[in-house]
Amino acid sequence: MKFRGKITDIACLNHFTRVVTTISKLTKTCVLRLTPDHLFFILPGKVTNGGVGMWCQLLQANFFQEYQMEGVTSEVQEICLEVSPEPWSRALKTVQSAKSVKLKLTRKHCACVTVAAELPTLSSVGRVVTHDVPVDVIPRRLWQEFQEAGVPDFDVSVYLPPLKTMKSVVDRMKNLSNFLVMEANLNGDMNLKIQTDLVSVTTHFKDLGNPDGGPSQSRDPEVMAEVTVDIRKLQQFLMGQQVNPSKALCNIVHQNVVHLVLLHEDVSLQYFIPAVA
Amino acid sequence: MNCVIERNSVKALGKAIHALSRIGNELWLDPMAKGLALRSVNAAHSAYGCFLFSPMFFKQYSLESGSKQGSKAIKCKLVMKSVLPLFRCLTSIERSVERCHISVSTATDRVIIQFFCRHGIIKTHNIHFQESEALQAVFDSHLCPNVLKAPARLLADMVVHFPLFQEEITLSITPLKVTVRNYQQGGKGPMKTTYTEMSLHPNEFDYFQIGLDSDITFCLKELRGILSFAESRSLPVSVYLDAAGKPVCFSVEDVVLEATVLLATVTDSDSRDHSQPTESLTPKISRCVSSPAQPVAVSQGPGSRSCTVPDELIPSSQRSHVISCPGATRLPDIRESTCLSVDSQEWTSSASSPASTKVCSLLFNALSSQQDEDGCAAQLPVLACYSDEENTDDNHPRSPSL
C-alpha cells in the first residue's frame with residue numbers, strides 16, 4: 001500500500017487547503033478513499049453521525065502535480081483510511097507559501113499521512129516542515145459502506161439561494177428552534193420555516209430555478225416537497241462553506257432526506273441530511 | 001512613582017502586559033532609577049518575564065510619589081486580572097489614548113492609571129496593590145554555550161506550525177541544523193496526536209554560536225507573548241540556551257527597553273545516569289549580560305537564609321528542585337542546606353513527579369509571603385540565588401538583576 005502526492009502549484013495548494021478546511025468544518029473524522037484518479041472524502045450516513053452523510057470527490061490530477069499510489073493488492077487499486085481532517089487543515093494552512101507540499105502514507109509509531117512542506121527562504125537551504133498525522137487503515141471487509149450511494153429518487157430539485165444569505169437566516173432561526181422545515185417546489189420556490197409555541201417564522205426564496213433532468217415532469221410545480229431537519233446540521237453545513245460554489249443545488253425527498261450538492265471547479269461535495277423522526 | 005507615557009508607547013506598554021499575562025497571574029511593578037520594571041512569574045516558578053522600560057521610554061519619569069518628596073519608590077504587586085483589561089484592546093488604545101499617567105499612591109494603596117483620551121475624556125483606574133519585595137531572577141547568559149539571534153519574524157515562523165494548544169516544544173540545536181518539534185509527555189500513551197517537526201539551517205540566524213549540541217524542552221505558551229511583542233516592534237530576539245535542564249533565556253532589547261523571558265526546561269533523567277555531573281545542573285552565577293552592573297536591591301524576608309554568591313564556580317544554591325512543567329504545584333521543601341549541591345539521587349527519591357521527566361525550577365525568589373508561610377526551615381530551592389547587599393564585597397561584583 002503506497003501513496004505519494006506532490007503539489008507544487010500555489011493555486012492548487014490553496015484550493016486543496018480550502019477543500020480540506022471545508023471538510024474539517026463538516027466532520028471531525030471521515031474516510032479518505034484513494035484511487036488512481038480520485039480522492040474521496042466520505043462520511044457514511046450512519047446513525048452515529050445522526051444520519052448525516054457526506055461525499056466529496058476530487059479529481060487528483062487537478063491538484064497534484066505528482067501522484068502515485070498502489071492499492072492494498074495489485075488487483076484492488078484503492079486505499080481506505082480513516083482520517084481526521086482538522087490537523088491536515090491546520091498543517092496546510094500554515095504552509096501556503098511552500099515551494100512544494102508532499103502528502104505521503106508513512107508508518108511512524110502508527111500509520112500516518114505525512115504532510116511535508118518545503119518552505120522558501122532567502123538562503124540556499126530551504127526550511128522543511130513535516131506533520132505526521134495519524135490515520136487508521138480501514139480493512140477491506142468494511143469497504144462496501146464507502147461505495148458511492150445511488151442518488152435517491154428525489155421529488156424536487158432546486159438551485160440554492162446564495163449560501164451566505166441562507167447561513168444568516170439559519171443562524172437566526174437556530175436561536176428560536178431546534179428543527180427547521182426545508183421545502184421547495186418545481187417552480188423555483190424555496191421556504192425555510194420554523195415553528196414554536198410562541199412564534200413561527202418563514203423565509204421565502206423565489207425564482208431560484210430548477211436544474212434540468214429533474215424529477216418527473218408530471219409533478220405539480222406548485223406542490224412543495226418538505227423535510228424537517230435538525231437545524232444544527234444544516235447550520236454546520238453552511239458554516240463550512242468558504243467560497244461560493246459555481247453550482248449549488250438541493251434535492252428533496254419528501255419527508256425523507258435533503259441532499260445538498262455543491263460544485264466548485266470540479267470538486268463536488270454532497271451532503272445528506274436526514275429527516276428528523 | 002510617577003510617570004507619563006506618550007501615545008505610541010502606551011501600546012508598547014500594553015503589549016508588554018499582554019506578554020506578561022501569558023506568564024503569570026500577578027504583575028510586579030518595580031520603579032527604579034534605571035527604569036520601570038514590570039515582571040511576572042508563573043505559579044510553578046518555571047517561567048519568568050521581565051520588561052524594563054528605561055526613563056527615556058517615558059515622557060516624564062520620576063521615582064517620587066507626588067506630594068511625598070523623598071519617599072522611597074514603592075515596589076508593588078498587582079493582580080494581573082485587574083491590569084490586563086485596561087490594555088486589552090490595543091487598537092482602540094492606539095486610536096484614542098493620547099497619554100497615560102501611572103502613579104503610585106501609598107496613602108490609599110492604589111496604583112493610579114489614567115488614560116487621557118480624545119475629546120477630553122479621562123479614564124482613571126485605581127488598582128489595589130500589595131507592597132512586595134521585588135521579584136528578580138539572576139541568570140547568567142554569558143555562560144550559555146549556545147546563543148542564537150534572529151529577527152522575531154523567524155522565530156514566529158518557527159512556532160506558527162504548532163497549534164495553539166500545544167503546550168511544550170523541543171528545540172534541538174546542532175552545528176548543522178536547528179529543529180523544533182512538539183513534545184508529548186510520556187503519559188499520553190496511545191493517543192494519536194499529530195507530530196510536527198520543523199528544521200532550518202543555522203545560516204538563517206543573524207547570529208549563531210553553538211558550544212554544545214543541545215535538546216531543550218520548554219513551554220511554548222509562555223514564549224508566545226514575548227515573540228508577539230518583539231514582532232510588533234520589529235526587534236531581533238536573542239536566545240541563550242544550554243543543556244537540557246538549564247533555563248533558556250529569550251531576550252529582546254532596543255534603546256528604550258529590555259525584555260527577557262526565562263523558561264525552565266525539562267531534564268530527562270532517564271537519559272542521564274545518576275552520577276549526574278554536578279556541573280551540568282549547577283548554575284553559575286555572575287553577571288547578567290544585558291543589564292549594567294548594579295547592585296541587586298533585594299532584601300530578604302524574615303526567616304530566609306541569605307546565600308552568598310561567590311564568584312568562583314561552586315555547585316551552589318539550593319538546587320533546582322523538581323517540578324513538572326507547566327502549571328504543577330511546587331514540591332514541598334526538600335532540604336535546608338544552603339549553598340550545597342544536592343545529590344541527584346536524593347533528588348530523585350524526594351521527587352514526586354514522574355520519574356521520567358524532571359524540570360529544573362527556575363530560580364530566584366519572590367519573597368515575602370511565601371517565605372513567611374514556610375518559616376525558617378523553608379528554603380525555596382533555587383537555581384540561582386541572589387545576593388544580599390550586605391553579603392557582597394569588593395571581590396565579588398554584584399550580580400545585576402534582570
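Nothing here was measured: the structure is a model prediction, and the numbers come from that model.
Residue-environment remark: CZ (A:Arg4) exceeds the threshold of 12 foreign heavy atoms within 6.0 Å. Taking a 6.0 Å sphere around NZ of B:Lys221, one finds it holds more than 12 heavy atoms contributed by other residues, nucleotides or ligands. Other residues, nucleotides and ligands place more than 12 heavy atoms under 6.0 Å from the CG atom of A:Asp171. Residue A:Lys25 places its NZ atom among more than 12 non-hydrogen atoms of other residues, nucleotides or ligands, all under 6.0 Å distant.
Across all non-hydrogen atoms, the minimal contact from B:Thr194 to A:Pro87 is OG1-CB, 3.2 Å. Minimum heavy-atom separation, B:His161 to A:His131: O-CE1, 3.5 Å.
When heavy atoms are compared at a cutoff of 4.5 Å, A:Val95 approaches chain B solely by way of its side chain, counted from C-beta outward. Heavy-atom distances place both the backbone and the side chain of B:Glu197 under 4.5 Å from chain A.
Residues of residues 232-239 of chain B placed with any heavy atom under 4.5 Å of a heavy atom in chain A are absent; none qualify.
Every residue meeting the side chain to side chain donor-acceptor pair (under 3.5 Å) condition with B:Ser214, not counting sequence neighbours, appears here in chain and number order: B:Asn146.
Distance check, rounded to the nearest 0.5 Å: CG of B:Leu164 to CZ of A:Arg90 gives 9.0 Å.
Contact count against chain B (heavy-atom pairs under 4.5 Å) is highest for A:Thr130 among A:Val115, A:Val135, A:Thr130, A:Leu119.
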Run B:His201 and A:Thr121 through side chain to side chain contact (heavy atoms under 4.5 Å, CB included) and show every step you take. CA-CA 10 Å; B:His201 195 272; A:Thr121 59; over 6 Å; no
